[in-house]
Amino acid sequence: MADFPINALRHSASHIMAQAVLRLFPKARTAIGPAIENGFYYDFDVDKPFTAEELEAIEKEMKVIVKERYKIESFDLPRDEACALMKDQPYKLELIDELPEGEPIHFYKHGEFTDLCAGPHVDHTGRVKAFKLLSATGAYWRGDSNRKMLCRIYGTAFDNKEELQAHLEALEEAKKRDHNRLGRELEYFTTVDYIGQGLPILMPKGARVIQLLQRWVEDEEQKRGYLLTKTPMMAKSDLYKISGHWDHYRDGMFIMGDPDDEEAEVFALRPMTCPFQFQVYLSRTRSYRDLPMRFNETSTLFRNESSGEMHGLIRIRQFTISEGHLACRPDQLDKEFEGCVNLASHMLETVGLDEDVSFRFSKWDPQNREKYIGSAEQWEQVQVRMKSILDHMGIVYTEADGEAAFYGPKLDIQIRNVHGKEDTLITIQIDFQLAERFGMEYTDSEGQKQFPYVIHRTSIGCYERTLALLIEKYAGALPVWLAPTQAVVLPITERQHDYAQTLYQRLVDAGFRVELDDRNEKIGFKIREAQVQKVPYMLVVGDKEMEGGQVAVRDRREGDIGTMTVDDFLSRLAQQVESKAK
RNA sequence: GCUGGAGUAGCUCAGCAGGUAGAGCAGCUGAUUCGUAAUCAGCAGGUCAGGGGUUCGAGUCCCCUCUUCAGCUCCA
């Protein structure tokens, strides 16, 4: 039996799905249907979106087509014949129209179904044995929100039933790690409908973890020469007019006051810290000797994301980031940029997310000039500079056009959530324009005024998002140094309650986050609850332990690890916290 | 913002031919004092997301709003 790449199999599955849809819905118009990571989809233009029952019917029809074992054949046509063949398929005609002149146009055919397609495919429909349709959703034609919304069906296909089954089970497992579910269950955060979308309530556990992260990040930044600032959360529109936000980011801001009333004072909540933190630089004249200057701030920002975008703690309207801005001379740019990357890497390694990220070099889009400030020459120049820094550091990255900030290119550190959706966790940006806009200058060694480069960067990114990803990474069981509760004291009977209380107090006095469960429940019941709550250590105390001044220590992951003196346990805990062990 | 699901007790869910709401877990009270994943009994808990409408009567049908989930678009 011939071997086919999994993409060919999935692509063929998508064609078989289109064939089944056309059998059941002859009026449907087909758009595009590629293989994607872990599966495939096909977009259709139909009168009504597919229901769950219709999806089942389509899947059933697909099985019929698989059984019929149609040969999958390719052929080429000249443009006029291709158009004639696809005359009832307007989306295909649009695609044909965009293909380069003079080259043959490829088609694939099986049974009564023919599709415009570059391939590759498997040799016959009987190969597609293990597949499943997953969902039906809306998707814009050509990904353009101004164009028609089509109906997209997602599915997946594998070489065999076992792999398919394993994949479907993995999807179920992933759902259990979802921070949006676990984070609420474990009481890290909640939301309230009359507060509004994207405005989560961080509960004691969530707030504690974020506090721990913030203290650590601020201390680490201090060690690396950063100067902490605290700047206002809102400003008059005048500030944003200087920065360019008023023209380039107004839709994303929460504005207070009527912008159309010339007399009224108009304020806006800050969507970024840059124009505020720049004022520190601007407060006096600066010399080349002052540079580099590194400012950091634990900064709460407000962005008016559109209503469909919010997701748990990952995409919200008010959030707090480890924001920072560095002003430096051109000759310092490489070193400062590297310093930012190294700091971010250190943060990721320490929390254990370093294996899960990828780097993206986000560039401007020369075709979309109104999104950006500055000239094409400036953009090209700074992008070349940034690329050389990245290459020199040996960073492996992908390039993305049109993902730059409006003032400069970015190195984005991307991470995927448990559902595979990618978001930016950390960003390091080179800005060659805002200094000039704000009149940030320094006097160089020749006595000339110069504008510094500004690096905008985060070190661990947005705390809420980081918390979400940590919950997913560790399935709620955070490392000891970050765990909101590090140990729970479990007396077996009432006889040990006084001892348990003393033990609890000793741990609290030593600076640890401890709980005492002195309910008169069975020890097995109490251990189970602590397991569910993902507490790293359970300290069981019965008569034996009380008499010996000891604790029986149970590790959440490893089970019983022995009876030890309280001092031994304290030093064990201290060592783990100190080393930030995972 | 768009398309489609969903919203019943703190949580997971049942109730759907329209006839005034039910289970398990959690909570509380009492009993139990127990050695590693669920001790027993009792009690309490809901303007069925909010508002409007149809009806003698609405959790159930219709409309609007809010929230939430998946996907698309967006993410400076």
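For the numbers below, each heavy atom of this structure counts, side chains included, while hydrogens, waters and symmetry mates do not. Chain A is the first sequence line, chain B the second, and so forth, proteins listed ahead of strands; every chain is numbered from 1.
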Query raised in the report: B/rC34 P sits how many Å from A/M546 CE, rounded?
Result: 12 Å
Query raised in the report: Partners of A/A20 by side-chain contact (heavy atoms from CB on, under 4.5 Å), sequence neighbours excluded?
Result: A/I58, A/E61, A/M62, A/I65
Report task. For B/rC13 and B/rG50, measure between their C1' atoms and round to the nearest Å. Result -> 23 Å
Query raised in the report: If you look at every strand shown and take non-hydrogen atoms under 4.0 Å, does A/K48 touch a base, only sugar-phosphate, or nothing?
Result: nothing
Report task. For A/L150 and for A/P271, find the nucleotide of RNA chain B with the closest heavy atom, then tell me which residue's nucleotide is more 5'. Result -> A/L150
Requested in this report: Sequence neighbours left out, what pairs pass salt bridge (Lys or Arg N to Asp or Glu O under 4.0 Å) with at least one residue falling in residues 522-541 of chain A?
Outcome: A/R519-A/E529
Query raised in the report: Roughly how far, to the nearest 0.5 Å, is CZ of A/F25 from OG1 of A/T30?
Result: 14.5 Å
Query raised in the report: Atom CG of A/N368 and atom P of B/rC75: how far apart are they, to the nearest Å?
Result: 9 Å
**Report entry** Value in whole Å for how far the P atom of B/rC75 lies from CZ of A/R317
**Finding:** 16 Å
Report summary line: With sequence neighbours left out, the residues meeting side-chain contact (heavy atoms from CB on, under 4.5 Å) with A/V341 are A/F337, A/S345, A/M393, A/I395, A/L411, A/I428
Query raised in the report: Which residue pairs satisfy the side chain to side chain donor-acceptor pair (under 3.5 Å) criterion with at least one member in residues 545-564 of chain A, sequence neighbours excluded?
Result: none
Report task. Measure from the ring center of A/H456 to the ring center of A/Y407 and say whether it is less than 6.0 Å. Result -> yes
Report task. Scan residues 266-276 of chain A for pairs that pass side chain to side chain donor-acceptor pair (under 3.5 Å), counting only residues two or more places apart or in two chains. Result -> A/T231-A/R270, A/R270-A/E297, A/R270-A/S299, A/T273-A/S299, A/T273-A/E323
Report summary line: Hits for side-chain contact (heavy atoms from CB on, under 4.5 Å) against A/T191, two or more places apart or cross-chain, chain-then-number order -> A/R184, A/P200
Report task. Take atom P in B/rA38 and the same atom in B/rA23, then report the distance between them in whole Å. Result -> 25 Å
**Report entry** Gap in Å between the two P atoms, one belonging to B/rG71 and one to B/rC62, rounded
**Finding:** 28 Å
Requested in this report: Considering only atom P, compute the distance from B/rC11 to B/rU39 and round it to an integer number of Å.
Outcome: 24 Å
Query raised in the report: Centroid-to-centroid, A/H325 to A/F278, below 6.0 Å?
Result: yes
Report task. Using the P atoms only, state how far B/rA17 lies from B/rU55, rounded to an integer number of Å. Result -> 22 Å
Query raised in the report: Whole-Å distance between B/rA37 P and A/E558 CD?
Result: 17 Å
Report summary line: Taken to the nearest whole Å, CG/A/D518 to C1'/B/rG35 is 17 Å
Query raised in the report: By side-chain contact (heavy atoms from CB on, under 4.5 Å), which residues pair with A/E436, not counting sequence neighbours?
Result: A/F451
Query raised in the report: With a 4.0 Å cut-off on heavy atoms, is A/I527 in touch with a base, just the backbone sugar-phosphate, or nothing at all?
Result: base
Query raised in the report: Could a donor-acceptor pair under 3.5 angstrom be found where the side chain of A/E545 meets the base of B/rG35?
Result: yes
Requested in this report: Indicate, with a heavy-atom threshold strictly under 4.0 Å, whether A/G252 touches base, sugar-phosphate, or nothing.
Outcome: nothing
Query - Contact letters for nucleotides 69-74 of chain B, in which S counts primed atoms plus P, OP1 and OP2 and B counts the base, heavy atoms under 4.0 Å - result: SSBBBB
Requested in this report: Please determine, for the side chain of A/P49, which listed nucleotide (B/rA49, B/rU3, B/rU68) has the closest atom?
Outcome: B/rU3
**Report entry** Rounded C1' spacing from B/rC72 to B/rC56 in Å
**Finding:** 47 Å
Query raised in the report: If you write RNA chain B from 5' to 3' in dot-bracket form, with Watson-Crick or G-U pairs under 3.5 Å, [ ] for crossing pairs and | for pairs with another strand, what do you get?
Result: (((((((..((((.....[..)))).(((((.......))))).....(((((..]....))))))))))))....
**Report entry** Worked check of salt bridge (Lys or Arg N to Asp or Glu O under 4.0 Å) between A/R416 and A/E472
**Finding:** CA-CA 10 Å; A/R416 285 168 178 238; A/E472 296 190 352; over 6 Å; no
Query raised in the report: When you compare B/rU12 with B/rC69, how far apart are their P atoms, in angstrom units rounded to a whole number?
Result: 13 Å
**Report entry** Rounded C1' spacing from B/rG4 to B/rG59 in Å
**Finding:** 23 Å
Requested in this report: Using atom CD of A/E54 as one end and atom P of B/rG4 as the other, report the distance to the nearest whole Å.
Outcome: 13 Å
Query raised in the report: Given B/rU68, is OP1 or OP2 found less than 4.0 Å from the side-chain N or O atoms of A/Q197?
Result: yes
Requested in this report: Output all residues satisfying side-chain hydrogen bond (donor to acceptor under 3.5 Å, both in side chains) with A/E336, sequence neighbours left out; order by chain, then residue number.
Outcome: A/R294
Report task. Report which part of the nucleic acid A/D543 touches: base, sugar-phosphate, or nothing (heavy-atom distance under 4.0 Å, all strands). Result -> base
Report task. Measure from CG on A/L55 to C1' on B/rG5 and round the result to the nearest Å. Result -> 13 Å
Query raised in the report: ring-ring contact (aromatic ring centres under 6.0 Å, His included) with A/F44: which residues, sequence neighbours excluded?
Result: A/Y42, A/F50
Enumerate all atom pairs, one protein N or O and one N or O from nucleotides 25-33 of chain B, separated by less than 3.5 Å.
| residue | atom | partner | partner atom | Å |
| --- | --- | --- | --- | --- |
| B/rG27 | OP1 | A/R519 | NH1 | 3.4 |
| B/rU32 | O4 | A/N520 | ND2 | 3.3 |
| B/rU33 | O2 | A/E494 | N | 2.6 |
| B/rU33 | N3 | A/N520 | OD1 | 2.9 |
| B/rU33 | N3 | A/N520 | ND2 | 3.3 |
| B/rU33 | O4 | A/E494 | OE2 | 3.2 |
| B/rU33 | O4 | A/N520 | OD1 | 3.4 |
| B/rU33 | O4 | A/N520 | ND2 | 2.1 |

Query raised in the report: Can you check the A/L490 CG to B/rC34 P distance for me, whole Å?
Result: 16 Å
